[in-house]
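Quick note: residue numbers are just sequence positions, from 1. Below, all heavy atoms of this structure are taken into account, side chains as well, without hydrogens, waters or symmetry copies.
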Amino acid sequence: MGKNKANSALVESILDINANNIWNLDEYQVAQLWEADKKEEDFSSSEEKLLNIIRLAFEVVHYRHDVPREADRYENGDWSIFSHANEKKGYVAIRRRRISRITDLSYENVKHIDAPLLLELIDRNFGGGWDSIPLSLRDIILSGFDVSTTQLPTSRIHAPGGTLERKLAAGFEVLEIAKGTWTEAIFAKKKEWTVVTEVGPETDDDAVAMDEDREPMSEIEYYSSFIEEAKGVEDDEEDNGGLTIADTLDEDE
C-alpha cells in the first residue's frame with residue numbers, strides 16, 4: 001500500500017471515503033459504514049457519489065431483495081449487502097474487484113497492489129515476458145512501479161555481484177522467465193507516493209536578507225563552486241540510475 005493512504009481506522013463514516021482510502025476497506029466495512037449512516041438527513045443525495053467511489057475498488061450491483069432468484073444470487077456470502085436510504089429503491093451488493101489477470105489492471109488499482117502480485121500477473125501472461133505485454137498495459141504498470149529487464153545466459157543470471165543480486169539489494173522483486181538457454185529477468189519495485197508541500201516563492205526581501213547574512217565568497221571558493229557543479233553533472237551522466245526498461249544485456253558483459 002502507498003505510504004500516504006489513509007488507514008481504514010480513520011474512516012469513521014461512509015461520507016469520509018474517497019478515491020484513496022476506499023482501497024483500505026473490505027466489502028463488509030463498507031456495508032457497515034453505509035448502514036450506520038444511511039439514516040442521516042439528506043444521505044440519499046450523496047448515494048450516487050458514494051457508489052461511484054465504491055465502484056473504483058468493488059463490483060457494484062443493484063438487485064431486487066424481494067425477487068428470490070436475485071436474492072439467492074447475491075445473498076450467498078460472496079457479496080456484502082446494504083440498502084438505499086429509501087429501501088423502495090432496492091438493495092446493493094458489492095464485492096472486491098478481483099485482479100487475477102494482467103488485463104484486470106487499471107490506472108486506479110495498479111497503485112494498490114504489491115510487486116509480487118504484479119510479477120505473478122506478468123508470469124501468467126503466457127510466459128512471454130515484458131515485451132509480450134501491450135504498450136497500453138505497460139503504461140498502466142509503469143504508473144505504479146519502477147520496472148527494468150535484462151536477458152542473460154541462464155548460467156550467468158545468478159552470478160555473484162551481477163544485476164540480479166544488485167537489484168534485489170535495492171528492494172526490487174524479480175521474475176525469471178526461461179527462454180531457451182537464456183533467462184529474462186523482470187525487476188519491479190513499487191513507486192513511493194509522497195505528499196508534495198508547496199513552498200511559497202522567495203520574495204526580494206528574503207533574498208536581500210539571505211545575501212546580508214552570507215559571508216562574502218573568496219575568489220578560490222567562487223571558482224571551486226563551478227568545478228563542483230561541473231563534477232556533479234559529469235557524475236550524473238556516468239550514472240544513469242540503473243537499467244532501462246529495454247535493457248537486453250547485463251552491464252557486466
Side-chain angles (χ1 to χ4, degrees), residues 1-5 7-8 20 23-24 26 56-57 96-196 228-253:
M1 296 294 180
K3 284 188 175 181
N4 58 334
K5 288 174 59 181
N7 186 279
S8 58
N20 289 322
W23 301 90
N24 290 332
D26 62 35
L56 294 174
R96 174 72 67 175
R97 289 188 182 277
R98 290 172 172 77
I99 303 175
S100 56
R101 298 173 298 177
I102 199 166
T103 50
D104 293 332
L105 293 176
S106 68
Y107 284 106
E108 289 79 20
N109 65 26
V110 74
K111 297 179 178 65
H112 304 279
I113 65 172
D114 57 23
L117 176 55
L118 171 66
L119 294 177
E120 182 182 334
L121 296 174
I122 293 175
D123 194 29
R124 291 180 194 169
N125 191 44
F126 309 109
W130 179 255
D131 288 339
S132 70
I133 302 172
L135 286 174
S136 57
L137 279 175
R138 279 189 251 174
D139 286 343
I140 289 173
I141 292 169
L142 292 173
S143 72
F145 290 86
D146 292 320
V147 177
S148 60
T149 71
T150 188
Q151 291 192 43
L152 287 171
T154 301
S155 60
R156 292 190 53 201
I157 193 73
H158 292 281
T163 301
L164 189 146
E165 185 176 293
R166 294 196 304 273
K167 284 290 188 179
L168 292 178
F172 284 80
E173 300 287 337
V174 62
L175 168 65
E176 297 178 36
I177 300 176
K179 295 186 173 182
T181 60
W182 288 66
T183 294
E184 177 182 4
I186 303 175
F187 305 99
K189 182 167 69 172
K190 196 174 185 67
K191 289 182 176 177
E192 297 292 337
W193 302 100
T194 56
V195 178
V196 178
E228 288 300 317
E229 183 177 346
K231 183 178 182 299
V233 172
E234 182 178 276
D235 289 343
D236 287 342
E237 290 175 349
E238 290 177 356
D239 182 5
N240 63 7
L243 295 173
T244 63
I245 295 166
D247 281 335
T248 56
L249 293 177
D250 186 13
E251 61 191 17
D252 293 338
E253 288 194 303

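- For the residue pair A115 and A188, the shortest heavy atom distance occurs at CB-O, 3.7 Å.
- With hydrogens and angles disregarded, no donor-acceptor distance shorter than 3.5 Å links the side chain of R156 to the backbone of W182.
- With hydrogens and angles disregarded, no donor-acceptor distance shorter than 3.5 Å links the side chain of R98 to the backbone of D104.
- For the pair T154 and G180, the tightest heavy-atom approach, listed with the atom from each and the gap, is OG1-O, 4.3 Å.
- Although no hydrogens or angles enter the test, the distance criterion places a donor-acceptor pair under 3.5 Å between the side chain of K190 and the main chain of I113.
- Between L118 and L105 the shortest side-chain heavy-atom distance falls below 4.5 Å.
- Listed here is the closest heavy atom pair of N125 and S132: ND2-OG, 3.4 Å.
- To the nearest 0.5 Å, atoms OG1 (T183) and CG (L175) are separated by 10.5 Å.
- Closest non-hydrogen pair, Y107 versus D139, comes out as OH-CB, 3.5 Å.
- Expressed to the nearest 0.5 Å, how far CD1 of I122 lies from CG of L117 amounts to 10.0 Å.
- Looking at every heavy atom in both residues, G128 comes nearest to E184 through O-OE1, 4.4 Å.
- The minimum heavy-atom distance between V110 and F145, with the atom names listed, is O-CE1, 3.4 Å.
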Check step by step if side-chain contact (heavy atoms from CB on, under 4.5 Å) holds for D146 and F187. CA-CA 8 Å; D146 292 320; F187 305 99; over 6 Å; no
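- A distance-only check finds no donor-acceptor pair linking the side chain of K191 to the backbone of K111 [under 3.5 Å].
- Contact annotation: the side chain of I102 never approaches that of R124 to less than 4.5 Å [non-hydrogen atoms, C-beta and beyond].
- Listed for the K179 side chain is no donor-acceptor partner under 3.5 Å among the backbone atoms of Q151.
- Atom CD1 of I186 and atom CG of D123 lie 8.5 Å apart (nearest 0.5 Å).
- Residues I157 and E176 form a side-chain contact, since some pair of their non-hydrogen atoms from C-beta on lies under 4.5 Å apart.
- The side-chain heavy atoms of E108 and R97, taken from C-beta on, include no pair separated by under 4.5 Å.
- Separating the CG atom in L152 from the OG1 atom in T181 is a distance of 11.5 Å, to the nearest 0.5 Å.
- When atom types are taken as modelled, the side chain of E165 and the backbone of G161 share a donor-acceptor pair closer than 3.5 angstrom.
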